[in-house]
Amino acid sequence: MRTSLYSPRRKAKMSDSGLDIDVDYSAGTTSRPRRTHCTAVNLCYLIAGLLIHELITCLPISTQIFDENQGISSPKPILSADEIPGGPYYARGRHLLVDLQGASGQVLNDRQGLEDTVVSIIKNAGMHMLSVSSHQLEPQGVSVVAAISESHLTIHTWPEHGAALVDLFTCGESADMLGILPKMVKAFGGEMSKTKWSLVRRGYDGMRDIDNMVLARQHVKKTLEVDVTNDLQNIQIWAVDATKEFETDQQVLKESNERQGERYEKNVMLFLNNVLQSGTKDDHVYHETIVHPALITHERGPERVAILGGGEGATLREVLKYKSVKQVDMIEIDEQVVDISRKFLPSMANCSWSSSKGYKSCFDDKRTNLVVDDAQSYFNSRFQGNPCNSKEEAKYDVIIMDLLDPEALPKITDQQMYSAQFFKEISCALRADGVLVTQFGEAGGVLQGTVADHKAEIVQNLAGAFYPGGTFVYRQFLETYNAEWSFAVGCKTEKCRDRWSQSPDTVDAIVNNRLDQRALEENNLNFGKLKFFNGLTMQRFRSYPSLV
């Protein structure tokens, strides 16, 4: 309970297990509960008890706890895959924190109604009620605390402001917290559009991309656009608007609205198995970085290009800007990623610069050949298991590996995809003057620990399959990832190696000569003109020390 600006004196009306007690606190008594930012003294005792309860219910126990009202046994803790039997147990769970704003004051001031709602939420979510306690403040305000075998659910309200704070913690992963959230907000008289929330995993080693970039950010507006699980993976698309997160000073915001709008605009992000793939806010930085250094380094100007991965279509978008390109084979294992991206991330594959009839998807370009297959399986099929003995006309000028980071792949797949043998076969699948480019995850990992050793090994494997001194590692900071990302180019010829070191003016001239002029038009607003890459960018890429 917090101090009200409008009601300095209050009566507390407490109910526990159906017993109502009226207590009139006079201004002079030391026992009068003072309103703080969260709770009254009585509620603090209850929460302290819940914290002890939380520790007990999250730890493994030898006896079952039963709900006396329902006769339902509480769930037992499950030993996670990364725990050692007999070793320390880490109490794990998820914490949903909800800030209601603009909610119904009438709903938020109804003690019995809120108590009933709390009980209903718990039962409908399949959780197990142990006890509930509610407190009515006079003239307004309610606190409800429910103990559940999974842990607890609490709500504290400010009816005069249409505001409330809700706290739900559950052990384990069984509860559908994102499914509970909108129903809970509605039941408490609120609207999701006016609600701030975060979902924090506790007791886990490290945070996933989806936690850092979406779920654990309390003060950003976030909307789940897609959540689909198929035989291959889970696909999620989140729309995040971070502008509100930085509105700490309204006057400063008003004076710098244009700058704020540019920096904190809406970002629509694609996650596969909770790993970030792309974000619309700065996808041009990543995709121009992975595509253009390789394509301008190629001697002749590439005609046939293969893209491994890149299902959202943005890598394809950049490749199709080259007028020399006649065919792009895009090998993507999950066709549903392509279908979902076309619908929810249309800007990623926007090739409208090449059309006079409005929006055009790069997947509909006549040069695009979408192959739904595993990359290794595709190459084995195309080259009959031996690309080194295949005819030159069947090979590629440039191969782009836009796959998951090595550390995000299953171990056996990682060992196959980034082995010396694999890079040898990739080199053989390139024409005599071919170029390979790959991304291999966060650059910080290149310098630290076992991940660093593994990535250094990957680069050495790559270098062993290409021209001596013709492998180059470069980096770029990506705001969406909040990290520097690492890339590597492998050249098969001396000329290609030397072209990597061309001057900024020469690079700009090559870009101007090789890209379709329609994409370079100054008034082109359809994702044709390069937004990031130029000669100076290329010069900066060369300034990083290479691992080879």
Side-chain angles (χ1 to χ4, degrees), residues 1-2 15 38-39 43 50 70 93-137 140-148 150-170 173-201 210 214-228 236-241 243-245 266 268 344:
M1 303 175 187
R2 43 77 187 124
S15 169
C38 293
T39 60
L43 185 58
L50 282 172
Q70 301 178 41
R94 292 174 298 161
H95 206 157
L96 181 62
L97 304 170
V98 182
D99 299 354
L100 286 178
Q101 295 178 335
S104 166
Q106 182 178 357
V107 171
L108 297 181
N109 202 39
D110 180 357
R111 181 194 62 77
Q112 189 58 55
L114 287 176
E115 183 176 312
D116 293 342
T117 298
V118 165
V119 173
S120 177
I121 290 170
I122 291 169
K123 290 182 177 180
N124 290 337
M127 296 182 286
H128 307 83
M129 174 70 70
L130 297 178
S131 66
V132 61
S133 178
S134 62
H135 300 254
Q136 178 77 57
L137 295 178
Q140 53 199 351
V142 175
S143 290
V144 182
V145 180
I148 57 180
E150 291 80 4
S151 189
H152 68 267
L153 169 60
T154 70
I155 179 171
H156 184 71
T157 74
W158 288 256
E160 67 270 34
H161 302 301
L165 297 180
V166 183
D167 182 347
L168 171 61
F169 180 84
T170 67
E173 297 277 349
S174 58
D176 179 13
M177 301 291 261
L178 293 181
I180 294 171
L181 174 62
K183 298 174 184 177
M184 184 167 64
V185 169
K186 183 178 180 180
F188 287 141
E191 300 175 19
M192 283 300 297
S193 62
K194 299 177 182 178
T195 299
K196 298 177 181 179
W197 62 273
S198 63
L199 180 59
V200 180
R201 300 201 317 161
I210 202 165
V214 180
L215 298 180
R217 300 174 68 186
Q218 180 80 13
H219 297 291
V220 301
K221 182 179 180 181
K222 42 194 175 287
T223 305
L224 179 61
E225 304 282 356
V226 176
D227 186 3
V228 174
Q236 291 189 35
I237 292 183
W238 284 88
V240 175
D241 183 353
T243 304
K244 298 294 182 182
E245 191 172 28
K266 182 178 177 181
V268 184
F344 292 93

Asker: Which class fits the ring pair Phe169 and His152: parallel under 30°, tilted 30 to 60°, perpendicular over 60°?
Answerer: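 Phe169 vs His152 ring planes: parallel.
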
Asker: For the pair Ser134 and Val144, evaluate side chain to side chain contact (heavy atoms under 4.5 Å, CB included) and give the outcome as yes or no after the intermediate values.
Answerer: CA-CA 4 Å; Ser134 62; Val144 182; 3.9 Å; yes

Asker: Begin with the C-alpha distance, continue with both residues' side-chain angles, and end with the deciding distance and a verdict on side chain to side chain contact (heavy atoms under 4.5 Å, CB included) for Ile148 and His128.
Answerer: CA-CA 5 Å; Ile148 57 180; His128 307 83; 5.7 Å; no

Asker: Can you list the residues that meet the side-chain contact (heavy atoms from CB on, under 4.5 Å) rule with Ala187, with sequence neighbours excluded?
Answerer: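 Expected list: Thr117, Ile121.
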
Asker: Is a donor on one side and an acceptor on the other found under 3.5 Å between the side chain of Asn124 and the backbone of Ser120?
Answerer: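 Here the side-chain-to-backbone pair exists.
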
Asker: Provide the full list of salt bridge (charged side-chain N to carboxylate O under 4.0 Å, His left out) pairs with a residue in residues 93-102, sequence neighbours left out, each pair given once.
Answerer: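 Listed once each, the pairs are Arg94-Glu173.
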
Asker: Test of understanding: with side-chain contact (heavy atoms from CB on, under 4.5 Å), list the residues that count as partners of Glu225, not counting sequence neighbours.
Answerer: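 Counting only residues at least two positions away or on another chain, Glu225 forms a side-chain contact (heavy atoms from CB on, under 4.5 Å) with Thr223, Ile237, Ala239, Phe344.
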
Asker: Can you list everything that forms a side-chain contact (heavy atoms from CB on, under 4.5 Å) with Ala103? Sequence neighbours excluded, please.
Answerer: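 Partners of Ala103 under the side-chain contact (heavy atoms from CB on, under 4.5 Å) test: Leu108.
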
Asker: Ser198: which residues meet the side chain to side chain donor-acceptor pair (under 3.5 Å) condition with it, sequence neighbours left out?
Answerer: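 Listed in chain order: Gln218.
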
Asker: Considering non-hydrogen atoms only, spot the tightest contact between Leu181 and Met192 and give its length.
Answerer: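 Taking every non-hydrogen atom into account, CD2-CE, 3.7 Å.
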
Asker: Please round to the nearest 0.5 Å and tell me the distance separating atom OG1 of Thr170 and atom CD1 of Ile122.
Answerer: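 One gets 11.5 Å once the value is rounded to the nearest 0.5 Å.
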
Asker: Just by modelled atom types, is the Lys266 backbone N or O under 3.5 Å from a matching donor or acceptor in the Lys221 side chain?
Answerer: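 Not a single qualifying donor-acceptor pair exists.
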
Asker: Determine whether Leu153 and Met184 satisfy the following criterion, side chain to side chain contact (heavy atoms under 4.5 Å, CB included), listing intermediate values before the conclusion.
Answerer: CA-CA 11 Å; Leu153 169 60; Met184 184 167 64; 4.1 Å; yes

Asker: For Ser104, enumerate each residue passing the side-chain contact (heavy atoms from CB on, under 4.5 Å) test, keeping only those at least two apart in sequence or located in another chain.
Answerer: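 Testing Ser104 for side-chain contact (heavy atoms from CB on, under 4.5 Å), a comparison that skips the adjacent residues, returns Gln106, Val107.
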
Asker: Does the side chain to side chain contact (heavy atoms under 4.5 Å, CB included) test come out yes or no for Leu97 and Leu165, once each step is laid out?
Answerer: CA-CA 8 Å; Leu97 304 170; Leu165 297 180; over 6 Å; no

